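Every value quoted in this text rests on a predicted model; they were computed, and no experiment measured them. Values reported hereafter were calculated over all heavy atoms of this structure, with side chains retained and with hydrogens, waters and symmetry mates removed. Just so we're on the same page: letters track the sequence lines, and every chain starts at 1.
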Number of protein chains: 2
Amino acid sequence: MDPHLLRTYVTVAELRSFSAAARALGYTQSAVSQHIAALEQDLGVPLLGRRPVAPTPAGERLLEHAGSLLLRIDAARADLARYGAAPREELTVAAAPLALHPAVLAALPATGVTLRVLPRAEVPAAVATGGADLGLVDGAAAPSDPLSLPDVAPLTAAVLPGAAEQPLAVVLPGDHPLARRTGLRLADLADARWLDAPAAGLPLDRLRAAAGTPRAFRPALRYEGTDVRTLVALAAAGHGLALLPAAAARGAGAVAVPLVAPRLVHRTELLHPGGAPAGPAARVLAALTGADRGP
Amino acid sequence: MDPHLLRTYVTVAELRSFSAAARALGYTQSAVSQHIAALEQDLGVPLLGRRPVAPTPAGERLLEHAGSLLLRIDAARADLARYGAAPREELTVAAAPLALHPAVLAALPATGVTLRVLPRAEVPAAVATGGADLGLVDGAAAPSDPLSLPDVAPLTAAVLPGAAEQPLAVVLPGDHPLARRTGLRLADLADARWLDAPAAGLPLDRLRAAAGTPRAFRPALRYEGTDVRTLVALAAAGHGLALLPAAAARGAGAVAVPLVAPRLVHRTELLHPGGAPAGPAARVLAALTGADRGP
DNA sequence: TGTTATTACGAAATTCGTAATAATT
DNA sequence: AATTATTACGAATTTCGTAATAACA
C-alpha cells in the first residue's frame, strides 16, 4: 500500500475519472490506470467500477482509511520537518470559532501572530500538518473530562487555566414557549429542530450521544460558516435551537437558558505538537497555559 | 515515506542494530543501511545515531508516528481483505478483562466462538487488524458519554443494552480507615497509593484526568496481568487501591465502597469493523446489541 | 465520433544483493 | 580481531511515458 497509489486512488475516486486524476496529479492516463490496477491486485478486491467510475463498497471503505492515512503521513512529515528547520518567528494559531474567549485573546502577544478561524474539525489537522503552530479547540464534555479529539497525530492538549470550562446554554427565540424557563434539560428538547452548524457550533452527534437518543435532535437549517453571531441570529429568528457557551449565546432577540441536564460544560483546550516547543511558540504556549491565575 | 522504510526503521530502532534488523526482516545489512539513508534523506533529518545506534529526538518522534501509521495500514489491509474472502464461520471475540459481564457472556452463542482476553488497550487494534471479529471494551466515563477510544481505524462502537453502564466502586482492604464509608469521593483518595494495572483495571491517567489533578494517584504495585480476581486480591492485601465496576469489586478481604464523585460510570461497548457484517458475526452482533430488553 | 480506460512495450529509475571498505569496541 | 555500518556496483525489478487498442456514450 504505497502512499502514492493511495493518493491517486483517492483522487480518481473524487474526480470520478482516471484522466482527470492524471491531469490533477501530473501523470499520464496510463500511469493512473496502472496505479489502480496495482492497488486492486495488492488488496485483492476491485475498488472502482468503470464507466461510470465509482467506488465499490470495498472502495468506499478504502476511502475512509486512506483519508486518515494520508493525513497522518502529512502530519508525520510536517512534524519531523520542525526538527530540521529553524523555529518559526511568525506564529499561526488555528482556532475553532467558539474557542475564542476574551481571556484567550488577551493572552496573545501583540505582534507576530496570525489568527486563523477554522471549522472545529479542521483544527487538529491544521496543527498536525504544520498549517498552524498552535490550535484552540472546544467542545461539550462532562465536567473535568478531557475533550475527545480525532487523533490525527500525537498532539498534546493543555487546558487553559483562565477559561477552561464554561456553562452551556440553549439559545431560543424570545417568543419560544420555553424561553421563560430558568433551566432546560436536553432530553426535553430532543424533539425540537436544531441548527446544524458543524463548523461554528457543536456537532449534533455530540448531543445525541450525550442524551443517548440516536435519532433525536433532527437538523433544521444547516449553517456551514464560522460566525457565532450569525448562528445566534439564526436561532433568534427561529430557524432552530443551538447549544452554546452561555457567554456566546447572547444576541438581539435571542434568549439563552442554562442547560441543567445532562451535566455538560463547554471546554476549551490548547493543542500543540508534542516535544519541546521552541521560539515564539514556547512563549505563547506558556502565556496561555502558565501562570495567569488572577490577582 | 514508504511503509517498508518505516518498518525497517522501527525494527532498527527497536533492536538498536542494523544487522540484527536485517536478520529479523530478511534483508542484508546493506539494504537496511540504504533504507535508513533513504528515509533520512527524504525527511531531511538524522533519525539514528550510530555506534551505539539510538534514535535522535526526531527519531523518537518518528517512532510515535510510525507505530500508529503501520498499525493503520495493517488495519486497512485487513478490513479490505474481508470484502474479498468468504465470511468467517469461526468467530473470535477480543475482550478487555472488565468488559466480560455475565449478561454479555450469556448472549454469546454456545459454539463457534473463541473468546480472547486482551489488555484493554489492545482490543481496538485486534478488531481493526482482523485478529478478532468483535471487541468488547470498557472504561470509565461520564454517564451516557461514549468511551473515547484510540481510533486505529474507522470502527463502529455499539452499546450493550443489558450491561451498558454500571456503578463504580473503590476497592479497599477491610482494615482501611475509609472502608466503613458508604461513599467515597475520588478527590479524597488522590494522595493514596493506587494499583497500576493498565491491562486489567482502569488506567490511572483516566483518574487523573477525571479528578483534574495531573500529579495525584501515584502508582504503587504494578500488575500487568489480566486477571480481575488477582487485582481485587492485591487491593485486599493492601498493595494499593483500585477503581472497578461494583460487581467485579467483591472478593475475600476486600471492601467495595461506591464512588459518589465525580459522576463516573463503568461503561462497556461493543466494537466491530464498520460496514455490513456477514455470517456469524452479524448474528452475534445482533444478539448482543439487539432486542434483549428483558421482561 | 469523441472520450476514456486498458494493454504492449521500452527507457529510466529504483531496489536489493555481493563484495569491498571504513569505522568502532 | 571481530563486529558493524557504509559505499560501489551490477542485476533484477519496478515505474512511468508513448503509442496502439478497446470499450463505452
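Pro124(B) and Val152(B) get closest at one heavy-atom pair: O-CG2, 3.8 Å.
Closest to the side chain of Ser30(A), from the set dT4(C), dA8(D), dA8(C), is dA8(C). Proximity note for Gln29(A) (side chain, C-beta onward) versus dT4(C), dC16(C), dG17(D): the nearest is dT4(C). Of the candidates dA5(D), dG17(D), dT7(D), the closest approach to any side-chain atom of Thr28(A) belongs to dG17(D). Taking every side-chain heavy atom of Arg50(A) into account, dT6(C) is the closest of dA8(D), dC16(D), dT6(C).
Judged as a salt bridge (charged side-chain N to carboxylate O under 4.0 Å, His left out), and not counting sequence neighbours, Arg116(B) has no contacts.
Side-chain polar atoms of Glu64(B) and Ser68(B) form no donor-acceptor pair below 3.5 angstrom.
One can place CG of Leu48(B) at 14 Å from C1' of dT6(D), the figure rounded to the nearest angstrom. Going from atom CG of Leu47(B) over to atom P of dT6(D) covers 12 Å, rounded to whole Å. Between Arg51(B) atom CZ and dA23(C) atom C1' there is a gap of 5 Å when expressed in whole angstrom units. Rounded to an integer number of Å, the gap from OH of Tyr27(A) to C1' of dT6(C) is 19 Å.
Atoms CG and CG, from Leu195(B) and Leu202(B) in turn, are 12.0 Å apart once rounded to the nearest 0.5 Å. With values rounded to the nearest 0.5 angstrom, Leu47(B) atom CG is found 5.5 Å from Thr56(B) atom OG1.
Taking a 4.0 Å limit (strictly below) on heavy-atom distances, residues 32-41 of chain B reaches DNA chain C at Gln34(B), His35(B). Listed by residue number, the members of residues 12-20 of chain B with any heavy atom below 4.0 angstrom from DNA chain D are Ser17(B), Phe18(B), Ser19(B).
At a threshold of 4.0 Å, the pair Asp205(A)-Arg208(A) counts as salt-bridged, since one of the basic side-chain nitrogens sits closer than that to a carboxylate oxygen.
Considering Arg283(A), Arg88(A), Arg82(A) as possible partners of Asp133(A), the one that fulfils the salt bridge (charged side-chain N to carboxylate O under 4.0 Å, His left out) test is Arg88(A).
Within the nucleic acid shown, Gly49(A) has no heavy atom closer than 4.0 Å to any nucleic acid atom.
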Review point. Going through the distances and angles, do Tyr27(B) and His35(B) end up as a ring-ring contact (aromatic ring centres under 6.0 Å, His included)?
Key: CA-CA 10 Å; Tyr27(B) 285 127; His35(B) 278 191; 5.1 Å; yes
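Side-chain contact between Pro154(B) and Arg61(A) is present, with heavy atoms from C-beta onward closer than 4.5 Å.
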